[in-house]
Amino acid sequence: MKEIRVRFAPSPTGPLHIGGVRTALYNYLFAKKNNGKFLLRIEDTDQNRYVPGAEKYIIDALKWCGIEYDEGVGIGGPHSPYRQSERKHLYFEYAEQLLNEGKAYYAFDTPEDLDSMRERLTAKGVATPQYDYLSRYEMKNSLVLPADEVEQRIKNGDSYVIRCLIPADREIIVNDLIRGEVIVHSSKLDDKVLFKSDGMPTYHLANIVDDHLMEITHVIRGEEWLPSAPLHVLLYEYFNWQAPEFAHLPLLLKPDGNGKLSKRDGDRLGFPVFPLRWIDPKSHEVSSGYRESGYLPDAFINMLALLGWNPGTAQEIFSMDELIQAFSIDRVGKHGSKFDPEKAKWFNHHYLSSLRDIDIARLLEEQVLGKGISTEINYLVKVAALIKERATLIPDLWEQASLFFIDPVSYDEKVKTKVWRPDTPQMLQSIIDFISFQEDLSLEVFEPALKDFIHQSGLNMGQVMNTLRLALVGSAFGPGIAGIISVLGKERTIERIRNLMTKA
RNA sequence: GGUCCGUUCGUCUAACGGUUAGGACGCCAGGUUUUCAUCCUGGUAAUAGGGGUUCGAUUCCCCUACGGACUACCA
């Protein structure tokens, strides 16, 4: 059987948004599931829209996500180069072939010509004014101009484009793996430009030529391409090439209102739409990324995979390998999905709290050092064990852990008025005495010992605990008291209790 | 406007033409944690509307409504 080959072919016009990442992911999963190859091709045929840094961003983003490609920009492969601008010389001959076979033609119309054509048609009441079987014979192209004039114009260096000659009366059938048969009448299609006057192919030509040359077997792309799929099918037919299978993915929609999620949504919606932070090279506007916001790549990918695809079972937590095993195109839904930032958080909390203490400790280490506080890994591991289930995003780790590194600078007034009594200082002193005599502060030993002591001293458990919390944390917040003391150690605990006694 | 695609709880979704329409997130309540969070248990909530076909329709067909994509010498 023929090897499965798929590609992700973004254009470097800016950062990849989560919809693009999902498209890449589904391509990747499909390839791996079928022991095939996944390619990264950069479609940079529009010089005007080129954005510096975008290509690097795309590569970095895929890498962060753990989506590895077998061939493509940056790593090369048997069909190098994988950047369309570097394949520029390839495309003209294919356009020429269609020209010679009467399946395409030269067009010399200026933008003004095109505008007036549309105006004329609109005035006549034509519903879809376009360059097609009705209007093409009233334009300046090689179908109407005498052959010698065409030749002369080209010789003169007149600017021209090459347009595809769409048949007037054909049913074009697109077989889509997700949508089934989509039938479009050729009269609804326009004579799309295949080759631009700047010497570059358009998407339509370059895409078909490269997919063919790169032996792509399955084209998995966003639904926004469905309307041009009939043109692509026709082009494969014109070239007499075997067309790949198509799968048009439903779009990711904005969680508020309507419309597809777009790069321009940036941070407007209160959550990142990009995998990594992006700083616009022109405006210097910063758009946040999932990585910088504190999401784990595994959680991000897991969340994205389930947006538009489901395994048909109740399983929701998938590693990349499990996704590869479970993935299939026919369980991809047909309708667009609104992205839910809350669910993304839930996934991240799940992944974060399932990490080993040592991994949490390393994440925490970075943040602690970033605050200019020196620490050591054994201490961090102990802290990690206490806080990991309390954090949703990576930065929450510091929020939860700061009490282990910084003494309270103030005390929550509400808590204070609630717990403070005239005899509180004596009570705290007795606790200090008790702690001073403890030899083993490990949680297993110390926690029951502390409780025993409180009982035996006839003290009120809630009263003591809440006061201790005020002393140790400064507010009603944080892990269990015994755990905090166990990690903080004898000296720091006593010092904090004394602080409360003097300041209160 | 035209072409094409779509429509199950608020959201992501499941359901050979036969289910009390299931799960997850969120939300609400209770429990655990003598704090907060986590966690556990329970609850809330949906087949867009109208016609067919059928013994039987979330499922098949048609119409309507609504949503979306596309409609460039952009991808």
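Fair warning: this is a prediction, and the values are worked out from it, not measured in the lab. Chain naming here is simple, since letters A, B, ... match the order of the sequence lines and numbering starts at 1 in each.
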Mind checking if [X] touches a base, just sugar-phosphate, or nothing, with heavy atoms under 4.0 Å?
{"X": "A:S11", "answer": "sugar-phosphate"}
{"X": "A:G333", "answer": "nothing"}
{"X": "A:T13", "answer": "nothing"}
{"X": "A:V161", "answer": "base"}
{"X": "A:R331", "answer": "sugar-phosphate"}

message: Whether the side chain of A:R390 and the base of B:rU38 hold a donor-acceptor pair under 3.5 Å is what I'd like checked.
response: no

- prompt: Do A:R179 and B:rC5 have a side chain to base donor-acceptor pair shorter than 3.5 Å?
  reply: no

task: Identify the heavy atoms of A:Y105 and A:C164 that sit nearest to each other, and give their distance.
output: CE2-O, 4.0 Å

Determine: side-chain N/O of [X] to OP1/OP2 of [N], distance under 4.0 Å, yes or no.
{"X": "A:K196", "N": "B:rC74", "answer": "yes"}
{"X": "A:T45", "N": "B:rA75", "answer": "yes"}
{"X": "A:H204", "N": "B:rC74", "answer": "no"}
{"X": "A:K260", "N": "B:rC70", "answer": "yes"}
{"X": "A:T202", "N": "B:rA75", "answer": "no"}
{"X": "A:N466", "N": "B:rU35", "answer": "no"}

- request: In whole angstrom, give me the gap between the C1' atoms of B:rG23 and B:rA15.
  value: 11 Å

query: Looking only at atom C1', what distance separates B:rC40 and B:rC4, rounded to whole Å?
result: 49 Å

Geometric cation-pi criterion, [X] with [Y]: 6.0 Å, 45°:
{"X": "A:R22", "Y": "A:Y26", "value": "yes"}
{"X": "A:R153", "Y": "A:Y106", "value": "no"}
{"X": "A:R41", "Y": "A:Y82", "value": "no"}
{"X": "A:K343", "Y": "A:W346", "value": "yes"}

Whole angstroms only, please: what is the [atom1]-[atom2] distance between [X] and [N]?
{"X": "A:E223", "N": "B:rU7", "atom1": "CD", "atom2": "C1'", "answer": "13 Å"}
{"X": "A:H335", "N": "B:rA69", "atom1": "NE2", "atom2": "P", "answer": "15 Å"}
{"X": "A:L393", "N": "B:rA37", "atom1": "CG", "atom2": "P", "answer": "17 Å"}
{"X": "A:K192", "N": "B:rC74", "atom1": "NZ", "atom2": "C1'", "answer": "11 Å"}
{"X": "A:R22", "N": "B:rC12", "atom1": "CZ", "atom2": "C1'", "answer": "12 Å"}
{"X": "A:D109", "N": "B:rA72", "atom1": "CG", "atom2": "C1'", "answer": "14 Å"}
{"X": "A:D158", "N": "B:rC73", "atom1": "CG", "atom2": "P", "answer": "18 Å"}
{"X": "A:W309", "N": "B:rA24", "atom1": "CH2", "atom2": "C1'", "answer": "14 Å"}

query: Do A:E55 and A:R83 meet the salt-bridge criterion of a basic N to acidic O distance under 4.0 Å?
result: yes

- prompt: With the threshold set at 4.0 Å, does a side-chain nitrogen-carboxylate oxygen contact exist between A:R390 and A:D396?
  reply: no

Under a 3.5 Å cut-off for both distances, is [N] Watson-Crick or wobble paired, and to whom?
{"N": "B:rU38", "value": "none"}
{"N": "B:rU71", "value": "B:rG1"}
{"N": "B:rU20", "value": "none"}
{"N": "B:rA65", "value": "B:rU7"}
{"N": "B:rC60", "value": "B:rG52"}
{"N": "B:rC27", "value": "B:rG43"}

[options]: which one has an atom nearest the side-chain heavy atoms of [X]?
{"X": "A:V182", "options": "B:rU13, B:rG26, B:rC4", "answer": "B:rC4"}
{"X": "A:L307", "options": "B:rU35, B:rC12, B:rA75", "answer": "B:rC12"}
{"X": "A:E342", "options": "B:rG26, B:rC70, B:rC73", "answer": "B:rG26"}
{"X": "A:S337", "options": "B:rA24, B:rG6, B:rU13", "answer": "B:rU13"}

query: Where each residue is assigned the nucleotide of RNA chain B containing its nearest heavy atom, which of A:D340 and A:P111 is assigned the position nearer the 5′ end?
result: A:D340

query: Between A:H185 and A:A314, who's closer to the 5' end of RNA chain B by nearest nucleotide?
result: A:H185

